[in-house]
Amino acid sequence: MQPDLHSREHAVRTLKQFRTLSPLTHCMTNDVVQSFTANTLLALGASPAMVIEPEEARQFAALASALLINVGTLTQPRARAMRTAVEQANSAKTPWTLDPVAVGALEYRRRFCFELLTLKPAAVRGNASEILALAGEDASGRGVDATDAVATALPAAQILARQTGAIVVVTGEVDYVTDGERTLSVTGGDPLMTKVVGTGCALSAVVAASCALPGNRIENIASACGWMKQAGRIARKTCHGPGSFIPAFLDALYTLETEVAA
């Protein structure tokens, strides 16, 4: 079955709702992208929090609207804190999202991500190589970079969604969002988004925040992908390269009007 193109109208409605509700998003993310991730959420209207101390993470996961687990700079103490936060999030019925950074390249984080998948994430967001690896298939990822085409990972994403009950997002030149039965595609963006650190990790945080919204979760997550791609396209028009792209991107998110969101 061919993916459906995500509805522009739903993205418009969801952005307005997102800004009104301002989800408190607990980001346990990697050290490289914390500031950019927080600024992305703020620009869209969410409220970010970076709480990583195990005792505090457990407490805060129950207070937050959503939780992000990003394994980009995984350590054993951080893994313990993440596991504790996920367990508390589940107890509090807080939706949580897994970003399995470089899971195909490194064994320790692969084992940890497989363990987390048994704890029922609301969503999983990764590039093609990461999603293939999580689904137990051969992947040719090089660290955080995907070397597999997005379309080749779609069947694996659908299988992973059916196995875990999560909405699985595989991102690249086209983003695919699937619950295992229905699949939405999101187009747009710009290649310059791959030339700065953190756009994928920030997207995962926005996906996590969108899981806190009422309504159809697969549509809400596809909307989150659409906002990021729209902002990337707008930013490319005014920036001169990677150095000026980030401020232009954040400005585009902040000024993204509901009538032009896609």
Side-chain angles (χ1 to χ4, degrees), residues 26-33 37 52 54 57-58 61 64 66-150 152-172 175-181 183 200-201 203-205 207-208 211 217-218 221:
H26 180 186
C27 299
M28 302 186 76
T29 191
N30 71 72
D31 295 335
V32 180
V33 302
T37 297
I52 59 173
R58 179 178 180 85
L67 169 67
L68 168 67
I69 300 294
N70 175 308
V71 301
T73 51
L74 189 65
T75 64
Q76 290 187 2
R78 185 164 291 186
R80 289 193 293 271
M82 288 175 169
R83 190 181 299 106
T84 297
V86 166
E87 290 169 352
Q88 185 61 33
N90 283 343
S91 295
K93 294 182 169 47
T94 301
W96 67 277
T97 293
L98 174 64
D99 185 338
V101 178
V103 71
L106 298 165
E107 185 58 31
Y108 174 64
R109 69 185 59 201
R110 185 201 301 260
R111 293 197 309 269
F112 180 64
C113 287
F114 282 158
E115 177 185 338
L116 288 184
L117 285 177
T118 67
L119 299 178
K120 300 298 182 183
V124 177
R125 200 292 311 172
N127 63 38
S129 298
E130 290 160 350
I131 296 302
L132 284 166
L134 271 192
E137 300 188 17
D138 291 334
S140 54
R142 186 182 59 187
V144 299
D145 297 324
T147 54
D148 296 286
V150 178
T152 64
L154 179 55
Q158 293 167 329
I159 291 170
L160 186 63
R162 289 193 292 268
Q163 289 175 340
T164 63
I167 305 297
V168 177
V169 187
V170 55
T171 54
D175 295 347
Y176 293 108
V177 184
T178 184
D179 62 5
E181 302 300 329
T183 301
C201 294
L203 171 58
S204 293
V207 165
C211 288
R217 181 164 288 168
I218 189 172
I221 291 174

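The structure displayed is predicted, hence computed values, not measured ones.
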> CZ/Arg110 to CG/Leu74 distance, rounded to the nearest 0.5 angstrom?
Replying inline: 14.0 Å
> Out of curiosity, Trp96 CH2 to Leu119 CG, how far, rounded to the nearest 0.5 Å?
Replying inline: 6.0 Å
> Closest approach of Pro77 and Pro54, non-hydrogen atoms and distance?
Replying inline: O-CG, 4.5 Å
>> Given 3.5 Å as the limit, does a donor-acceptor pair link the side chain of Ser91 with the main chain of Glu87, or not?
In response: yes
> Looking only at heavy atoms, what is the nearest atom pair of His26 and Ala57, with distance?
Replying inline: CE1-O, 3.6 Å
> What are the two closest heavy atoms between Ala79 and Tyr108, and how far apart are they?
Replying inline: CB-OH, 3.6 Å
> To the nearest 0.5 Å, how far apart are OG1 in Thr73 and CG in Asp31?
Replying inline: 4.0 Å
> Which residues satisfy the side chain to side chain contact (heavy atoms under 4.5 Å, CB included) test with Thr94, sequence neighbours excluded?
Replying inline: Ala89, Ala92
> Is any side-chain heavy atom of Leu98 less than 4.5 Å from a side-chain heavy atom of Cys113?
Replying inline: yes
> So, do Tyr176 and Gln158 sit near enough that their side-chain heavy atoms are less than 4.5 Å apart?
Replying inline: no
> Where do Val150 and Gly172 come nearest, in terms of heavy atoms and distance?
Replying inline: CG2-CA, 3.5 Å
> For the atom pair OG1 (Thr152) and CD1 (Ile131), what is the distance rounded to the nearest 0.5 Å?
Replying inline: 11.5 Å
> Do we see a donor-acceptor contact under 3.5 Å between the side chains of Arg125 and Thr97?
Replying inline: no
> Okay, side chain of Asp99, backbone of Leu68: is any donor-acceptor separation there less than 3.5 Å?
Replying inline: no
>> I need the minimum non-hydrogen distance between Ala205 and Cys27, along with the two atoms involved.
In response: CB-SG, 4.1 Å
> Hey, mind stepping through Leu117 and Leu160 against side chain to side chain contact (heavy atoms under 4.5 Å, CB included) and telling me if it holds?
Replying inline: CA-CA 10 Å; Leu117 285 177; Leu160 186 63; 4.1 Å; yes
> When rounded to the nearest 0.5 angstrom, what is the spacing between CZ in Arg83 and CE in Met28?
Replying inline: 11.0 Å
> Hey, mind stepping through Leu203 and Asp175 against side chain to side chain contact (heavy atoms under 4.5 Å, CB included) and telling me if it holds?
Replying inline: CA-CA 11 Å; Leu203 171 58; Asp175 295 347; 4.3 Å; yes
> Is it true that a side-chain atom of Glu130 and a backbone atom of Asn127 form a donor plus acceptor pair closer than 3.5 Å?
Replying inline: yes
>> How close do Ala208 and Leu67 get, counting heavy atoms only, and between which atoms?
In response: CB-O, 3.9 Å
> Atom CG in Leu154, atom CD1 in Ile159: separation rounded to 0.5 Å?
Replying inline: 10.0 Å
> Given side chains that start at C-beta, do those of Phe114 and Val103 come closer than 4.5 Å, heavy atoms only?
Replying inline: no
> Can you tell if the side chain of Asn70 reaches within under 4.5 Å of the side chain of Thr37, non-hydrogen atoms only?
Replying inline: no
> Is the closest side-chain heavy-atom distance between Cys211 and Arg217 below 4.5 Å?
Replying inline: yes
